[in-house]
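Data block below; observations after.
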Amino acid sequence: MNQEDRYLTFALGKGRLATKTMELFESIGISCEEMKDKDSRKLIFVNEQQKMRFFLAKGPDVPTYVEYGAADIGVVGRDTILEENRNVYEVLDLGYGKCRMCVCGPASAAELLQHHERIRVASKYPNIAREYFYNKKHQTVDIIKLNGSVELGPIVELSDVIVDIVETGSTLRENGLSVLEEICPLSARMIVNPVSMQMQNRQITDLVNRLRRQILAQ
Ligand code: PRP
């Protein structure tokens with residue numbers, strides 16, 4: 001089959017990210033009517049005319065689908081890309097889903113970060129936490145993996161601090177915690193399978209350029 005005739009397959013992190021992504025795609029003339037039915041339990045949607053397929057996946061699985069080539073292109077938060085560390089190309093910052101990865105805790109924990117103490121760090125992102133403490137701060141810590149509501153960690157004394165996403169900061173404020181150190185800024189990114197990037201280079205580069213122009217114009 002001519003590579004130009006192949007469908008481009010997109011894996012989107014489901015939820016608000018997928019909705020935002022489809023809005024952006026619509027603004028450059030790529031749409032998928034089937035996807036708009038909120039009651040549908042369908043997981044994969046096709047736009048026959050534009051030769052595109054879209055599927056919705058759990059955020060952390062998006063880089064996996066893209067690395068194995070089950071999707072040519074993925075859209076997911078930079079937090080997930082850093083945590084999963086898959087063999088994919090990051091090609092575009094989509095500019096939405098902006099937030100920060102931070103070390104947070106009670107104000108009293110600030111000094112524990114100054115003296116290389118062996119502290120406990122709870123996080124949904126153990127790889128990001130390990131990379132930051134071990135490789136950047138050179139501080140040996142115990143990392144405890146949690147699956148959500150991470151702010152509970154310091155409150156119930158499971159951990160001294162947490163590594164988590166901060167968007168508005170209200171979850172921290174309402175729980176008596178604050179940002180102690182900022183690790184990195186985050187936003188939604190587009191990722192591409194390295195083989196697809198070669199085989200369907202024209203289609204993918206064209207799409208990325210159109211999206212980039214649209215984002216700059218917004
Ligand atoms: C995320 C994150 C923080 C919160 C930050 O949690 O883990 O808890 O949002 O947002 P804010 O700064 O605007 O308050 P999410 O709602 O995804 O749920 P989770 O705690 O179950 O991971």
Side-chain angles (χ1 to χ4, degrees), residues 10-24 35 38 41 43 54-66 71 74-86 88 90 93-110 112-113 119-137 139 141-191 218:
F10 295 80
L12 309 179
K14 62 177 159 193
R16 222 151 43 106
L17 200 63
T19 311
K20 278 282 220 179
T21 303
M22 291 317 289
E23 280 170 18
L24 173 66
M35 231 169 152
K38 294 276 175 255
R41 304 284 294 168
L43 293 172
F54 300 89
F55 66 81
L56 302 173
K58 282 263 187 197
D61 294 337
V62 168
T64 314
Y65 286 109
V66 175
V75 174
V76 72
R78 182 176 181 228
D79 50 321
T80 304
I81 298 171
L82 294 173
E83 182 63 23
E84 297 298 317
N85 197 22
R86 293 278 178 181
V88 296
E90 189 185 310
D93 182 346
L94 297 168
Y96 44 82
K98 280 200 172 126
C99 48
R100 301 178 291 156
M101 185 63 75
C102 298
V103 181
C104 313
S108 59
L112 300 175
L113 300 171
I119 55 170
R120 285 183 174 183
V121 180
S123 187
K124 235 165 53 166
Y125 302 91
N127 293 329
I128 295 177
R130 193 171 300 109
E131 160 73 22
Y132 181 70
F133 278 99
Y134 280 70
N135 297 341
K136 196 148 180 216
K137 282 180 66 81
Q139 181 171 2
V141 297
D142 294 319
I143 292 167
I144 303 169
K145 161 91 201 257
L146 288 179
N147 292 295
S149 302
V150 180
E151 289 82 359
L152 275 172
I155 299 173
V156 301
E157 293 178 16
L158 171 74
S159 68
D160 299 290
V161 295
I162 59 173
V163 164
D164 201 17
I165 291 173
V166 179
E167 191 182 349
T168 61
S170 11
T171 312
L172 291 178
R173 265 193 307 279
E174 289 180 29
N175 291 289
L177 307 174
S178 52
V179 171
L180 303 175
E181 287 178 1
E182 184 170 326
I183 300 179
C184 62
L186 304 169
S187 57
R189 305 291 162 105
M190 180 168 276
I191 54 175
Q218 272 172 357

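Residue indices begin at 1 and follow the sequence shown. Indexing begins at 1, ligand by ligand and atom by atom, following the structure's order.
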key: Separation between CG of D61 and CZ of R86, rounded to the nearest 0.5 Å   =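 D61 CG to R86 CZ: 9.0 Å, rounded to 0.5 Å.
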
request  = Please round to the nearest 0.5 Å and tell me the distance separating atom CD1 of I119 and atom CG of L113.
outcome  =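 Taking CD1 in I119 and CG in L113, the distance rounds to 5.0 Å.
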
task = Would you check, one step at a time, whether the test side-chain contact (heavy atoms from CB on, under 4.5 Å) holds for L56 with M35?
result = CA-CA 10 Å; L56 302 173; M35 231 169 152; 3.5 Å; yes

task = Kindly assign one of parallel, tilted or perpendicular to the pair F10 and F54, based on the angle between their ring planes and the thresholds 30° and 60°.
result =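 Answer is parallel, since the angle falls under 30°.
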
ask   = With a cut-off of 6.0 Å (strictly less than), are more than 12 heavy atoms of other residues, nucleotides or ligands near CD of Q218?
value =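 Result for CD/Q218: enclosed.
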
ask   = Using a threshold of 4.0 angstrom between heavy atoms of the protein and any atom of ligand 1, which residues qualify?
value =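 Lining ligand 1: K124, G148, S149, E151, D164, I165, V166, E167, T168, G169, S170, T171.
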
key: Least distance between heavy atoms, A107 atom then L180 atom   =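 Smallest heavy-atom distance, with atoms named: CA-CD2, 4.4 Å.
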
